[in-house]
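Below is one structure, written out as C-alpha cells, with a few remarks after it.
Note that ligands are numbered from 1 as they come in the structure, with each ligand's atoms numbered from 1 the same way. No hydrogens, no waters, no symmetry mates; every other heavy atom, side chains included, goes into these values.
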Amino acid sequence: MRERIVAGNWKMNTTGAEANDLAARICSASLPRDVTVVLCPPFIWLERVGKIVQPSAVQLGAQDVAAEAWGAYTGEVSAYQVRELAHWTIIGHSERRHVFGESDATVRRKLERAAEVGLKVMLAVGETEDEYARKESQAVVSRQLETALRPSLDVREVVIAYEPVWAIGTGRPATPEYAESMAAHIRKELDRLGLPGASVPVVYGGSVTAESFAAFIEQPNLDGALVGGASLRADAFMEIIAAASHSR
Ligand code: PGA
C-alpha cells in the first residue's frame, strides 16, 4: 500500500502568533497514523513551528530551497540551512514557476541541492490554463518530470504533486477523474525515467477543500493532497487528513 500524504502549504500567510496557533491545533489533534502530515510554513516560521511539531508525528517542510548551495544570493534560503530545521521541501510550485519565472532547469538545480542534503521533496508539476486548452497537459508534465528527474538523483524520498495551475487558488478544482488520468500518466512517466512509478506517492493540489477531497482520494492513483488555502484553517485541514486515511 502506498503512503498517504497531506501537506499544507501556508504560502506567504500567518503572523508568528497565527503560525503557532495553527500548528498547535493540528499537532494536538488525534490524527490518523497512516497519513503523513507535512506543514510548510513560511521560512521565517520554520523554527517556531518546528518546536511545536517536534513531539508529534507531524513533519515540517519548507516551501522552496535555493538553486545554489551558498553565496551572494540576497533573500534566498539554502537547502543546507533548511535541513537544520526541516525534513521536507516543496520544489517547483507553480507560483515559483509562473510568478517568479523559475525554469525547468532551475527546478532541477533545486532538486540537486535537496538531494545533496537529504531533504525529502514534494515536486510540483502541472500545466497552465492555456496548455490545458491546447491539450498539452501530458506533454508539459512529461517535460517537467524529465528535466527535474533525469539524470537520476539520489533524493531521499520524492512525492509528486500534480497541480494544474488553473486550479490553484481559483476555487475551481480539476475533476477527480481528470486528476486521476494525470496521476496515471505521471506514474507511466516515472517508470520511463527509471523511478518506481507504482510506489511513488502522487498527490493532487488545486483548490482542495474538505468537501471536495473525498472524491479525489477515492481515485486509485491519488495518494493525498497538497493544500493551500484550506490548510490555513485547522478544522478544514484536519478533515482532509482524516479523509486521507485508509481506515476512514
Ligand atoms: P490552493 O493551493 O489549495 O489554495 O488552491 C494549492 C497549492 O498551491 O499548493
- Message: Evaluate Gly228 for polar contact with ligand 1, using N/O atom pairs at a separation under 3.5 Å.
- Response: yes
- Closest approach of Leu60 to Gly50 (non-hydrogen atoms, all atoms of both residues): CD2-CA, 3.6 Å
- Do ligand 1 and His93 have nitrogen or oxygen atoms that lie under 3.5 Å from each other? yes
- Note on the structure: The atoms of ligand 1 lying under 4.0 Å from a heavy atom of Gly206, numbered in the order shown, are 5 (O)
- Please identify which atoms of ligand 1 are closer than 4.0 Å to at least one heavy atom of Gly229. 1 (P), 3 (O), 4 (O)
- Report the nearest protein non-hydrogen atom to atom 9 (O) of ligand 1: residue, atom name, distance rounded to 0.1 Å. Glu163 OE2, 2.6 Å
- Task: Mark the output for Ala230 as yes if a heavy-atom distance to ligand 1 is under 4.0 Å, and as no if none is.
- Result: no
- More than 12 heavy atoms of other residues, nucleotides or ligands under 6.0 Å from CD of Glu177: is that the case? yes
- Task: Check whether any heavy atom of Gly205 sits under 4.0 Å from an atom of ligand 1.
- Result: no
- Given Glu102, which of Arg109, Arg97, Arg96, Arg108 fulfils the salt bridge (charged side-chain N to carboxylate O under 4.0 Å, His left out) condition? Arg96
- Task: Could you verify whether a donor N or O on one side chain and an acceptor N or O on the other, from His185 and Ser142, lie under 3.5 Å apart?
- Result: yes
- Examine the side chains of Glu127 and Trp166 and answer whether a donor and an acceptor come within less than 3.5 Å of each other. yes
- Message: Is it the case that the ring center of Tyr178 lies less than 6.0 angstrom away from the ring center of Tyr132?
- Response: yes
